[in-house]
Amino acid sequence: MPSGSRERGLTWWGLMVVLALSGAALAALGRQWSLQTQREREAELRFRGEQISQAVGRYRAARQPAAWPQGLQDLLEDRRGSLEGEPRHHLRRLWTDPFTGRADWELLPAAEPERGFVGVRSRSDARRLSHQGAMPQDEPRVSDWRFVHHAPAAPAPRPTRPARRGAPP
């Protein structure tokens, strides 16, 4: 057997091994890149959801009696009680959901008898990497995260002390 044929055969096998290793490395790199992108989208979802939740709180606290916003547009331009025509801006912009790419948040309604919404959540059913707030047996979804403003409860009435006998009232 001529030695040139053997060298070409070894070169061919060497090239196949290099290509297989390169493919495996690229697949691992792609998976790592995908996980990093998912983590960034989850972090951005939490940031944007919290921004909306805080804006709901600012909207509620801006006027008395307190009221919940009726829609996301109310957070952008709050014209309640504005005599000069200058609206309040509780939210600088209408954030998009990083998973859907649209500002199609699901509004979480206020408890009856109040009207409006208290927070938002994503409409995406994508699985999430973070198990924060999920039960071990659950398959966590990004739509499980709820970004809700919890209005402070009315202060409890102070208990009155019974008057001591003989003490001035």
Side-chain angles (χ1 to χ4, degrees), residues 14-82 86-156:
L15 181 61
M16 289 295 119
V17 168
V18 167
L19 285 176
L21 291 175
S22 297
L26 285 174
L29 183 65
R31 174 77 176 140
Q32 200 63 15
W33 179 76
S34 175
L35 289 173
Q36 182 60 31
T37 301
Q38 176 80 5
R39 282 188 197 100
E40 289 172 3
R41 286 176 35 189
E42 287 182 15
E44 190 63 24
L45 175 71
R46 288 191 304 265
F47 170 78
R48 293 177 183 187
E50 286 300 321
Q51 290 293 306
I52 294 171
S53 171
Q54 291 170 8
V56 168
R58 287 189 297 271
Y59 180 93
R60 184 159 172 87
R63 298 275 188 260
Q64 292 302 324
W68 296 109
Q70 300 302 306
L72 291 172
Q73 198 63 34
D74 291 346
L75 301 177
L76 294 173
E77 290 188 16
D78 180 5
R79 295 193 178 273
R80 299 173 298 159
S82 176
E86 290 293 320
R88 289 187 182 188
H89 303 283
H90 304 290
L91 197 60
R92 292 178 185 230
R93 65 175 147 177
L94 189 54
W95 293 103
T96 58
D97 179 339
F99 284 88
T100 64
R102 298 183 306 269
D104 63 345
W105 300 91
E106 180 179 339
L107 304 180
L108 302 173
E112 292 293 331
E114 297 187 74
R115 295 181 18 187
F117 74 98
V118 297
V120 295
R121 74 178 192 158
S122 175
R123 291 186 185 273
S124 173
D125 252 355
R127 289 190 65 208
R128 70 178 199 230
L129 298 175
S130 171
H131 285 12
Q132 176 185 354
M135 299 302 288
Q137 71 273 12
D138 291 344
E139 183 177 316
R141 304 278 180 191
V142 295
S143 60
D144 294 339
W145 276 321
R146 287 171 169 71
F147 305 100
V148 177
H149 172 74
H150 297 286

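Values below: every heavy atom of this structure, side chains too, minus hydrogens, waters and symmetry copies. We number each residue from 1, following the sequence as shown.
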- Message: For Arg41, give me all partners under salt bridge (charged side-chain N to carboxylate O under 4.0 Å, His left out), at least two apart in sequence or on another chain.
- Response: none
- Item | For Gln38, side chain to side chain donor-acceptor pair (under 3.5 Å) partners two or more places apart | Glu42
- Task: Start with the C-alpha distance between Val120 and Leu107, add both sets of side-chain angles, then the distance that settles side chain to side chain contact (heavy atoms under 4.5 Å, CB included), and finish with yes or no.
- Result: CA-CA 5 Å; Val120 295; Leu107 304 180; 3.8 Å; yes
- Task: For Arg123 and Thr100, indicate whether the former's side chain and the latter's backbone hold a donor-acceptor pair under 3.5 Å.
- Result: no
- Message: Give me the atom names and distance for the closest heavy-atom approach of His89 to Leu76.
- Response: ND1-O, 2.6 Å
- Message: Restricting to side chain to side chain donor-acceptor pair (under 3.5 Å), what partner residues turn up for Glu44, sequence neighbours left out?
- Response: Arg48
- Message: When you compare the side chain of Phe147 with that of Val56, does any pair of heavy atoms fall below 4.5 Å?
- Response: no
- The reported gap from CH2 in Trp105 to OG in Ser124 (rounded to nearest 0.5 angstrom) is 10.5 Å
- Message: Under the rule for ring-ring contact (aromatic ring centres under 6.0 Å, His included), what residues qualify as partners of Trp95, not counting sequence neighbours?
- Response: Phe47
- Task: Would you list the pairs meeting ring pair (Phe, Tyr, Trp, His ring centres under 6.0 Å) in which at least one residue belongs to residues 20-44, sequence neighbours left out?
- Result: none
- Task: With side chain to side chain contact (heavy atoms under 4.5 Å, CB included) as the test, would you mind laying out the steps for Arg128 and Asp144 before giving the verdict?
- Result: CA-CA 9 Å; Arg128 70 178 199 230; Asp144 294 339; 3.5 Å; yes
- By salt bridge (charged side-chain N to carboxylate O under 4.0 Å, His left out) - contacts of Arg141 (at least two apart): Glu139
- Value rounded to 0.5 Å, distance of CZ in Arg58 from CG in Asp78: 11.5 Å
- Query: Okay, side chain of Arg80, backbone of Tyr59: is any donor-acceptor separation there less than 3.5 Å?
  - Reply: yes
- Task: Mind checking salt bridge (charged side-chain N to carboxylate O under 4.0 Å, His left out) for Glu77 and listing every partner two or more places apart, or none if nothing turns up?
- Result: Arg79
- In short, salt bridge (charged side-chain N to carboxylate O under 4.0 Å, His left out) pairs touching residues 103-120 with sequence neighbours left out are Arg60-Glu114, Arg102-Asp104, Glu106-Arg121
- With sequence neighbours left out, what residues match Glu40 under salt bridge (charged side-chain N to carboxylate O under 4.0 Å, His left out)? none
- Note on the structure: Applied to residues 91-101, the salt bridge (charged side-chain N to carboxylate O under 4.0 Å, His left out) test, sequence neighbours excluded, yields none
- Note on the structure: Nearest heavy-atom approach of Pro69 to Leu75 is CG-CD2, 3.9 Å
- Which atom names give the shortest non-hydrogen contact between Pro109 and Val118, and what distance separates them? O-CG2, 3.9 Å
- Message: So, using ring-ring contact (aromatic ring centres under 6.0 Å, His included) as the criterion, who are the partners of Phe99 when residues are at least two apart?
- Response: none
- Note on the structure: Minimal heavy-atom distance between Ala62 and His90, with the atoms involved, is CB-CE1, 3.7 Å
- Go through the structure and list residues passing side-chain contact (heavy atoms from CB on, under 4.5 Å) with Leu19, not counting sequence neighbours. Leu15, Met16
